[in-house]
J.: 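Below is the structure I would like to discuss, written out as structure tokens.
Just so you know, these numbers come straight off a predicted model, no measurement behind them. In what follows, residues are counted from 1 in the order of the sequence shown. These numbers come from the heavy atoms of this one structure, side chains and all, not from hydrogens, waters or symmetry mates.
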Amino acid sequence: MLIIQVERGVMMTFGDKLIELRKSRGLSQEKVAEQLSVTRQTISNWETNQAMPTIDKAKDLSKLFRVSLDELLDNDVSSIMLDRMSNVEKLASMLIKIIKGFGVALIVLLIISILSIIFSYTSFRNANSKTVQPDKEAIVDVGGI
């Protein structure tokens, strides 16, 4: 949650500031969403501090409400950037886990393949190396020839 200023001893979040600005201008969430080319749900998420606008959308909000970006965010642009960075880090972490999972699966598959080849080769070799033992009765002693 992004706390942007203290007003009358009460902490005010970005969402609270956005609600205050929107209502003071007599705008609905739908109207603000329409003017920013976003959904009403996006405005709701910003107002309930479930999400933060991108820098571009924050600039659009400041223009819409005719307040400076600093006033809108109370010099807290870095919090939005950190929020965006943490999302990127989460995505990177998830991708790394997926890649590690595929890597482990590939190594296991490779080991199984190698063992299978070794087992097949030794079985083939053992089958071909059995020599035919002559039958003792079939051996004829030709006697001192």
Side-chain angles (χ1 to χ4, degrees), residues 1-140:
M1 179 184 309
L2 176 63
I3 298 174
I4 61 172
Q5 68 182 29
V6 177
E7 215 170 85
R8 294 179 296 276
V10 177
M11 299 283 226
M12 184 176 253
T13 64
F14 171 78
D16 296 331
K17 180 73 172 185
L18 185 56
I19 291 169
E20 180 182 281
L21 288 168
R22 179 178 58 78
K23 287 184 177 181
S24 72
R25 305 301 192 281
L27 296 171
S28 65
Q29 287 181 340
E30 290 84 8
K31 283 289 184 191
V32 173
E34 182 181 305
Q35 292 183 18
L36 295 177
S37 300
V38 296
T39 64
R40 186 211 55 82
Q41 185 63 42
T42 299
I43 302 299
S44 176
N45 287 341
W46 293 346
E47 290 183 352
T48 57
N49 298 302
Q50 293 177 5
M52 291 295 294
T54 62
I55 294 296
D56 290 336
K57 291 301 177 188
K59 286 165 56 177
D60 292 344
L61 283 168
S62 72
K63 289 176 188 174
L64 174 66
F65 295 125
R66 291 187 173 93
V67 296
S68 70
L69 194 55
D70 286 346
E71 186 180 346
L72 179 66
L73 302 172
D74 195 34
N75 285 324
D76 219 351
V77 175
S78 62
S79 293
I80 290 178
M81 293 303 292
L82 288 175
D83 185 47
R84 295 286 167 222
M85 287 302 294
S86 69
N87 288 340
V88 169
E89 289 170 352
K90 289 175 189 174
L91 180 61
S93 174
M94 186 171 52
L95 287 174
I96 288 171
K97 287 178 184 176
I98 290 170
I99 290 169
K100 282 182 180 178
F102 280 125
V104 168
L106 185 62
I107 290 171
V108 168
L109 185 62
L110 183 64
I111 290 171
I112 290 171
S113 298
I114 290 171
L115 290 175
S116 175
I117 290 169
I118 291 171
F119 179 73
S120 297
Y121 177 74
T122 54
S123 295
F124 177 76
R125 190 168 179 189
N126 287 339
N128 286 338
S129 67
K130 291 182 180 176
T131 56
V132 178
Q133 295 291 330
D135 194 4
K136 290 184 181 181
E137 297 171 2
I139 300 177
V140 178

J.: Can you tell if the side chain of Q41 reaches within under 4.5 Å of the side chain of S44, non-hydrogen atoms only?
T.: yes

J.: Between N49 (side chain only) and G15 (backbone N and O only), is there a donor and an acceptor less than 3.5 Å apart?
T.: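 Such a contact is found between N49 side chain and G15 backbone.
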
J.: Heavy atoms only: give me the nearest E71-K17 pair and the separation to one decimal.
T.: O-CE, 3.6 Å

J.: Applying side chain to side chain donor-acceptor pair (under 3.5 Å), name anything that partners R25, two or more places apart in sequence or on another chain.
T.: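 Expected list: none.
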
J.: For the atom pair NZ (K31) and CZ (R22), what is the distance rounded to the nearest 0.5 Å?
T.: 13.0 Å

J.: Can you name the nearest heavy-atom pair linking L36 to K57, along with the distance?
T.: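 Nearest heavy atoms, L36 then K57: O-NZ, 2.5 Å.
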
J.: Within this structure, what is the NZ-CD distance for the pair K23 and E47, rounded to the nearest 0.5 Å?
T.: 7.5 Å

J.: For residues E20 and D16, determine if any side-chain heavy atom of one lies less than 4.5 Å from a side-chain heavy atom of the other.
T.: no

J.: Quick one, V67 and L61 - any side-chain contact, counting heavy atoms below 4.5 Å?
T.: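 Not in contact.
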
J.: I'd like to check the side chain to side chain contact (heavy atoms under 4.5 Å, CB included) partners of I112; sequence neighbours left out, ordered by chain and number.
T.: V108

J.: Is the shortest side-chain heavy-atom distance between L21 and L72 below 4.5 Å?
T.: yes

J.: Report the distance from atom CD1 of I117 to atom OG1 of T122, rounding to the nearest 0.5 Å.
T.: 12.0 Å

J.: What's the separation between atom CD1 in I19 and atom OG in S24, rounded to the nearest 0.5 Å?
T.: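 Between atom CD1 of I19 and atom OG of S24 there are 12.0 Å.
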
J.: First locate atom CD1 of I55, then atom CG of D60, and finally report the distance between them rounded to the nearest 0.5 Å.
T.: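 Reported to 0.5 Å precision, the distance equals 11.5 Å.
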
J.: Please tell me if the side chains of F14 and P53 come closer than 4.5 Å, counting only heavy atoms from C-beta onward.
T.: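 Side-chain contact under 4.5 Å: yes.
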
J.: Could you pull out all residues at least two apart from T42 that satisfy side chain to side chain donor-acceptor pair (under 3.5 Å)?
T.: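 For T42 the side chain to side chain donor-acceptor pair (under 3.5 Å) partners, ignoring immediate neighbours, are T39.
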
J.: Once rounded to the nearest 0.5 Å, what's the spacing between atom CG of L18 and atom OG1 of T13?
T.: 9.0 Å

